Amino acid sequence: MIDFNRPTYTPKAMEYIDDVINVQLMMCGDGKYTKLCNKWLKDSCKVSSVMLTTSCTHALEMTALLSGIKEGDEVIMPSYTFCSTADAFVLRGAKIVFVDIRPDTMNMDESKIEEAITPRTKAIVPVHYAGVGCEMDTIMDIAARHSLYVIEDSAQGIMASYKGKPLGSFGDFGCLSFHETKNFTMGEGGAILIRDGDNILKAEVLREKGTDRARFFRGEVDKYTWVDKGSSYLPSEMNAAYLWAQLEQARSIFDDRMRKWNLYYELLSDLKQKGCIELPFIPDYCSHNAHMFYIKTSDINERSKLISFLYSKDIHAVFHYVPLHSSPAGLKYGRMAGEDKYTTKESNRLLRLPLFHCLTLDEVEYVCDAVKEFYSRT
Ligand SMILES: *Cc1c(COP(=O)(O)O)cnc(C)c1O
């Protein structure tokens, strides 16, 4: 069986976890491995501060708290995203205002944002789908003119950039995910990226149960105490050690993933030429990270048949994101601004093919052969 996903694993992981338990003798957060990860992520994302968190969902929750989102505020985001993007703000009592996507990149349609803004709007939350950047020039310009926060859901965006600038580094905040389905993983985990200095100290306190423990570790205060509202958003060192074993060889993991993505693209180009399927579109000023390889079938029926056919060949292919605006919680906590011209239609056609670290090039070829066989029979 070719699974849809298998979590990335590097052999050094066990050595580092053993180091945490038997040498460092410190398994809680913010030890040696969290610091190594934070430093690597800060250099890679080119932002003032990066802190590992227990998930991207939690990083998003932190941004909602740090930007003071409250009951009655409105937050603009695409409907085509994972529910965590919305949850973080709904938990603070905000109303979600969904906008349509562009059919080419599946990203939020930047030309639909301005008409969704009301006097209650507080933030725009672009989601960089499949590690392909949203139109950040336009989004940052709109946010500046209307004094809105920009919070990037860059869960899928690590090591990808828009016009040479890393995803997650444009807005007030960016959020990464290290869930097992992402390019680099620690099981469950994420990171918050912070652009401006005054938010850094606030985030440190919020993340560490409302204490100034981070300043204490830096020797800036001689004891730590409860200084403000907070929660616990820092992961265990064991998880950070598992992640570090991947980040220290991130380039080779990245290149390896890109080879498979490119092979998919090359082998399926024929079907694209014949008009059977569509392939991902990457604007030439975006550099992506091979997070996801998807194809688009002509409609939902064809997609269902293809999924069954692939399954009969021992290949597990999946689709995702029932548009949030039409989900039960989306109807309750949000509304669609403008027309749903592409969100439902395009999401019904999209199919993700297996792509993960230990997938082989032969397996990619096998999947492509199966897709081709399906289209030669119909
Ligand atoms: C994976 C993902 C999340 C959630 O990440 P977790 O680390 O599992 O909380 C949020 N948004 C998007 C777009 C994602 O792909």
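A quick note: this is a predicted structure, and the numbers were derived from the prediction, not measured. We use all heavy atoms of the structure for the numbers below, so side chains are in, but hydrogens, waters and symmetry mates are not. Counting starts at 1 for both ligands and their atoms, in listed order.
A donor-acceptor contact shorter than 3.5 Å is absent between the side chain of R92 and the backbone of K70. Using a distance-only test at 3.5 Å, with no hydrogens or angles considered, no donor-acceptor pair links the side chain of S154 to the main chain of C175. Proximity of a side-chain donor or acceptor of D340 to a complementary backbone N or O of T343 within less than 3.5 Å is detected.
Here T57 has heavy atoms under 4.0 Å from ligand 1 in both its backbone and its side chain. At a heavy-atom distance under 4.0 Å, only side-chain atoms of Y321, from C-beta outward, approach ligand 1. Residue-level proximity to ligand 1 for K182 is carried by the side chain, the only part with a heavy atom below 4.0 angstrom. Under 4.0 angstrom from ligand 1, the non-hydrogen atoms of C56 come from both its backbone and its side chain.
Remark: the E237 side chain and the T34 side chain contain an N/O donor-acceptor pair separated by less than 3.5 Å. Residues S161 and S287 have side chains that bring a donor and an acceptor to within less than 3.5 angstrom of each other.
Contact annotation: G189 has at least one heavy atom less than 4.0 Å from an atom of ligand 1.
Looking at H291, H179, H320 and measuring to atom 8 (O) of ligand 1, the nearest heavy atom belongs to H179. The residue among G131, S177, A130 with a heavy atom at the shortest distance from atom 6 (P) of ligand 1 is S177.
Near S55, the atoms of ligand 1 lying under 4.0 angstrom from a non-hydrogen atom of the residue are 7 (O), 9 (O).
Tested against F178, the residues T8, L41, N183 include a single side-chain contact (heavy atoms from CB on, under 4.5 Å) partner, L41.
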